[in-house]
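Notes for the one structure printed next.
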Amino acid sequence: MIIGVPKESFPGERRVALVPMVIPNLIKAGFEVVIEAGAGVDACYPDDNYIQSGARILPGRKEVFAAADIVVQVLSPGSNDKTGKADLPLLRQHQILVGFLRPLGSIETVQAIASAGVTAFAVELIPRITRAQNMDTLSSMATICGYKAVLLAADPLPRLFPMLTTAAGTITPARIFIIGAGVAGLSAIATARRLGAVASAYDLRPATKEQVHSLGGRFIELPIETKEAEDARGYGRAQDEVFYQRQRELLGRVVAESDVVITAAVVPGRKPPVLVTREMVARMAPGSVIVDLAAELGGNCELTRASQVVIEGGVMVLGYINLASRVPYHASQMYARNVTAFLLHLFRNGKLQLDGDDAITRETLVTHDGEVVNALVQKFFSLPAKAKNGPS
Ligand SMILES: NC(=O)c1ccc[n+]([C@@H]2O[C@H](COP(=O)([O-])OP(=O)(O)OC[C@H]3O[C@@H](n4cnc5c(N)ncnc54)[C@H](O)[C@@H]3O)[C@@H](O)[C@H]2O)c1
């Protein structure tokens, strides 16, 4: 079985799906690996490093798709909504595709992958279960996003982060407020604390309180009742507009008193709720910074514009997308290790094991034999469950 890694084509993307250090493991398991020339350069992995690790370099994208039994990408068609469609004609029947597919994004793209006869696995659907922890690409990327969000806020902030006692007097520490204490939010808390800031956080899932405390953050309690805060998979659940309205009222004071607000409140398959309004931003001190990690999906802040920096009333709102790509060396390393663990799970003796009883395989398999076979995707888009729900 040949694994092919094309260069990422999303504009500005610097990550690469496999790094040289995982190649010996894949070869040991019986795979061959081919890499498009220059695929790792932007993540600081030159072609020579791949060759030394046992991979072959192919000159172009078409050659990689033609040679590969398994195409491994970071942003596959679907999550790459800019240039991903150009890869569709390069895919062929019975080819295997592994990457971020954004399977609840565009059903047209998912159906196009199915129609090409491709067996596609969406890594964002890897279940958050203990035995799949080493495959958890979402956690890896979220950890990097939370870290980078704090650094992006620290740079333009006209204040220092740590408390300093100097001959010129005492400097008070920056106050950082994180809304949404999932993996990215918790990583932001840890990073802010390492830089010496005072960190507070709020999440509608009560379980996060202890996690925030364990990182040295303060948990903000809001006197509102959350209806079934957590779904069966551990994700936050969408609430009604009455809840969000009340949440905004109660969060207003904390936001106004913060030097930095990092928003990371998302609900799978939904537009993120607006939790920071224009009026709330107007109450923040000039020079304050908001980093909206939900920017790509519409944002948690009313002023957020995806990929842009908005300044209003002296408050800077950063709507950068794809933050993990800004730390490409380690983002690629973590992704590659996760994907390698996933491939080693899926394949035995060079053969794909489509075991429908295995939750990792069943929940990640999106298309097979020309059909969209994933139960979650079928339900989300109200597709008739004409094909088997997952592999047989
Ligand atoms: N292997 C494992 O066991 C494992 C690994 C990673 C994550 N997890 C769990 O998976 C879950 C999801 O993690 P994630 O970080 O990927 O999720 P995510 O990216 O969906 O995080 C978004 C966070 O925002 C919160 N949120 C949503 N709406 C909100 C609102 N209105 N106000 C405030 N907060 C709001 C959610 O509760 C969640 O914590 C968590 O329970 C996490 O602990 C488990």
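Ligands are counted one by one from 1 in listed order, and the atoms in each one are counted from 1 as well. Below, each value reflects all heavy atoms present in this structure, side chains not excepted, and no hydrogens, waters or symmetry copies.
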F161, L151: one ILVMFWY side-chain cluster at the under-4.5 Å cut-off?
yes
If you measure every N/O of D203 against every N/O of ligand 1, is any gap under 3.5 Å?
yes
Within ligand 1, which atoms have a heavy atom of Y202 less than 4.0 Å away?
32 (N), 33 (C)
Flag: protein heavy atom within less than 4.0 Å of atom 9 (C) of ligand 1:
no
Measure the distance from atom 35 (C) of ligand 1 to every protein heavy atom, then report the residue, atom name and distance (to 0.1 Å) of the closest one.
A265 CB, 3.5 Å
Among all the protein's non-hydrogen atoms, which is closest to atom 1 (N) of ligand 1, and how far away is it?
Q133 CG, 3.2 Å
Quiz item: cation-pi between R326 and Y320, 6.0 Å / 45°:
yes
Specify the protein heavy atom at minimum distance from atom 32 (N) of ligand 1: its residue, its atom name, and the distance to 0.1 Å.
Q247 NE2, 2.7 Å
Proximity winner for atom 34 (N) of ligand 1, if only heavy atoms of L138, L293, L204 are counted
L204
Nearest protein heavy atom with distance in Å, relative to atom 2 (C) of ligand 1:
R128 O, 3.6 Å
At what distance, to the nearest 0.5 angstrom, does CD of Q95 lie from CG of L97?
8.0 Å
Residue R205 vicinity, atoms of ligand 1 by number, heavy atom under 4.0 Å
36 (C), 37 (O), 38 (C), 39 (O), 40 (C), 41 (O)
Would you mind telling me if ligand 1 is within reach of the side chain of D136, the backbone, both or neither, using heavy atoms under 4.0 Å?
side chain
Heavy-atom proximity to atom 15 (O) of ligand 1, best of V183, T130, V274
V183
among protein heavy atoms, the one nearest atom 19 (O) of ligand 1 is V266 CG2, 3.6 Å
Under a 4.5 Å side-chain heavy-atom rule over Ile, Leu, Val, Met, Phe, Trp and Tyr, are L376 and V266 clustered together?
no
Shortest protein heavy-atom distance from atom 11 (C) of ligand 1, along with the residue and atom involved
G234 O, 3.2 Å
Can you say whether the rings of Y45 and Y329 are parallel (under 30°), tilted (30 to 60°) or perpendicular (over 60°)?
parallel
Side-chain ion pair, E257 and R253, N-O less than 4.0 Å:
yes
Within 4.0 Å of some non-hydrogen atom of G182, the atoms of ligand 1 are 15 (O), 21 (O), 23 (C), 39 (O)
Please compare G236, S139, A264 and report which has the shortest non-hydrogen distance to atom 23 (C) of ligand 1.
A264
Lys/Arg N to Asp/Glu carboxylate O, D42 vs R15, below 4.0 Å
no
Aromatic ring proximity, centroids under 6.0 angstrom, F100 and Y335:
yes
Are V260 and L164 in one and the same hydrophobic cluster, where Ile, Leu, Val, Met, Phe, Trp and Tyr link if side-chain heavy atoms are under 4.5 Å apart?
no
Indicate, as side chain, backbone, both or neither, the part of L275 found under 4.0 angstrom from ligand 1 when only non-hydrogen atoms are considered.
side chain
Short N or O distance, R237 and ligand 1, threshold 3.5 Å exclusive:
no
Specify side chain, backbone, both or neither for E230, according to which of its non-hydrogen atoms lie closer than 4.0 Å to ligand 1.
neither
Any salt bridge linking D87 with R61? Criterion: basic side-chain nitrogen under 4.0 Å from a carboxylate oxygen.
yes
Kindly work out whether a path of hydrophobic side-chain contacts (I/L/V/M/F/W/Y, heavy atoms less than 4.5 Å apart) joins V183 to I189.
no
